[in-house]
> 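First, the structure itself, so that you have it in front of you.
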Amino acid sequence: MQSPAALPESTPSSNPAARVPGGWWAVCLCAAWCGTCGVYRPLFDELARAHPDVRFEWVDIEDDSDIAGDLDVETFPTLLISDGERALFLGPLLPQAPVLARLLTSLQAAAPGGAGAGGEAQHVFERVRASRGA
């Protein structure tokens with residue numbers, strides 16, 4: 001049985017949008033004081049190396065409070081996933097690499113034009129994208 005924290009093997013995305021610069025984003029909203037985030041960070045960084053077609057960003061919501069805006073992050077880690085244009089997911093996620101990998105895969109496989117994550121998620125994504133120079 002594979003450890004829940006172990007990184008799953010990467011499979012290349014078949015979604016062409018995932019391969020273009022400015023395509024898929026995985027943003028972890030965290031806090032430096034959060035022990036769970038500290039444990040999750042190396043797994044998140046490993047996933048970034050395993051998925052070069054996705055832009056991974058780590059955002060400390062206290063250091064970058066302008067990015068979070070009025071978003072009330074209650075549980076860490078909270079993840080924001082975007083296809084580069086629309087925020088598709090915003091919410092807490094188990095701090096396990098396979099969980100994020102499955103979420104990315106399922107969102108990338110979903111039909112284009114599906115429902116986004118809502119206005120608040122979209123505003124947070126736009127601030128992340130602007131602050132990270134994209």
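Treat the numbers as computed from the prediction; the structure is a model and nothing was measured. We count residues from 1, following the sequence as given.
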> On a heavy-atom basis, which atom in Gly84 and which in Trp25 lie closest, and how many Å separate them?
CA-CD1, 4.0 Å
> Heavy atoms only: give me the nearest Gly116-Leu88 pair and the separation to one decimal.
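In this case the closest contact between Gly116 and Leu88 is CA-CD2, 4.2 Å.
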> Identify the two heavy atoms, one from Leu47 and one from Ala97, that lie closest to each other, and give their separation to 0.1 Å.
CD1-O, 3.6 Å
> I need the minimum non-hydrogen distance between Ala32 and Asp60, along with the two atoms involved.
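Smallest heavy-atom distance, with atoms named: N-OD2, 2.9 Å.
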> What distance separates Leu90 CG from Thr78 OG1, expressed to the nearest 0.5 Å?
7.0 Å
> Say you draw a straight line from CZ of Arg129 to CZ of Arg55; how long is it, rounded to the nearest 0.5 Å?
10.5 Å
> CG of Leu71 to CZ of Arg127: how many Å apart, nearest 0.5 Å?
8.0 Å
> Just distance, no hydrogens or angles: give the donor-acceptor pairs under 3.5 Å from side chains in residues 34-45, sequence neighbours left out.
residue: Arg41; atom: NE; partner: Asp45; partner atom: OD1; Å: 3.2
residue: Arg41; atom: NE; partner: Asp45; partner atom: OD2; Å: 3.3

> Rounded to the nearest 0.5 Å, how far does OG1 of Thr105 lie from CG of Leu100?
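If I round to the nearest 0.5 Å, the distance is 9.0 Å.
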> With heavy-atom distances below 4.5 Å as the criterion, would you say the side chains of Leu80 and Glu57 are in contact?
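Leu80 does not reach Glu57 side chain to side chain.
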> So do the side chains of Gln108 and Asp53 get within less than 4.5 Å of each other, counting heavy atoms only?
yes
> Going from CG on Asp64 to CG on Leu29, what distance comes out if it is rounded to the nearest 0.5 angstrom?
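With rounding to 0.5 Å, CG (Asp64) is 10.0 Å from CG (Leu29).
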> Going by heavy atoms in the side chains, are Pro95 and Pro77 under 4.5 Å from each other?
yes
> For Arg86 and Gln122, which heavy atoms make the closest approach, and how far apart are they?
CA-OE1, 3.3 Å
> Minimum heavy-atom separation for Ala26 to Val54, with atom names?
N-CG1, 3.8 Å
> Classify the ring geometry of Phe56 against His51: parallel below 30°, tilted from 30° to 60°, perpendicular beyond 60°.
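Rings of Phe56 and His51: tilted, as their planes differ by 30° to 60°.
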> Distance from Phe89 atom CZ to Asp83 atom CG, nearest 0.5 Å?
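Spacing of CZ (Phe89) from CG (Asp83) equals 15.0 Å.
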